[in-house]
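These figures come from a predicted structure and were not determined experimentally.
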Amino acid sequence: MKTLIYLKPEFIKLDRSLIQSIDQISEQQQLVTLLMKYAEQAKTKIIAEGIERQEELEYLHRIGIHYAQGYAIGKPAKEIHLGKIRVGDHEDWGSH
């Protein structure tokens, strides 16, 4: 964690191990919330990877994660396509 303070990264990528079942596990939610608060103060963006369930995606959207990756959004493709994803009835959350 101290490294984050010194490096001041542009992005922090959250590993699948932290994202898996985040909608159900309060300890993971608390840690991600702390990281989100730090990122806001440091002007760092958060990328959540390994999102495999719609419930994980919806939770992360609700707390304001900046970017997301995973099978719940779409399977990897050979070409990169930028665009929007659908979360429930909303299409306003960008995905890269």
To the nearest 0.5 Å, tell me how far [X] [atom1] sits from [Y] [atom2].
| X | Y | atom1 | atom2 | result |
| --- | --- | --- | --- | --- |
| Tyr59 | Ile19 | OH | CD1 | 9.5 Å |
| Ile65 | Leu14 | CD1 | CG | 5.5 Å |
| Ile47 | Glu10 | CD1 | CD | 9.0 Å |

Heavy-atom side-chain proximity of [X] to [Y] below 4.5 angstrom:
| X | Y | answer |
| --- | --- | --- |
| Leu57 | Ile73 | yes |
| Gln69 | Lys13 | yes |
| Arg53 | Ser21 | yes |

Verify same cluster id: Ile25, Ile51 (apolar side-chain graph, 4.5 Å):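 No, no single cluster joins them.
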Which residues share a side-chain hydrogen bond (donor to acceptor under 3.5 Å, both in side chains) with Ser17, sequence neighbours left out: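 Result, side-chain hydrogen bond (donor to acceptor under 3.5 Å, both in side chains) vs Ser17: Asp15.
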Donor-acceptor pair, side chain of Thr44 and main chain of Pro9, under 3.5 angstrom: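 Answer holds: yes.
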Flag, side chain of His66 to backbone of Lys45, donor-acceptor distance under 3.5 Å: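 No.
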Residues forming a side chain to side chain contact (heavy atoms under 4.5 Å, CB included) with Glu52, sequence neighbours excluded: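 Listed in chain order: Arg16, Glu56, Tyr71.
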Mind listing the side-chain donor-acceptor pairs of residues 28-38 below 3.5 Å, one per line with the distance, residues two or more places apart or on another chain?
residue : atom : partner : partner atom : Å
Gln28   : NE2  : Leu18   : O            : 2.7
Gln28   : NE2  : Gln20   : O            : 2.9
Gln29   : NE2  : Ile22   : O            : 2.7
Gln29   : NE2  : Asp23   : O            : 3.3
Thr33   : OG1  : Gln29   : O            : 2.8
Tyr38   : OH   : Leu4    : O            : 2.9

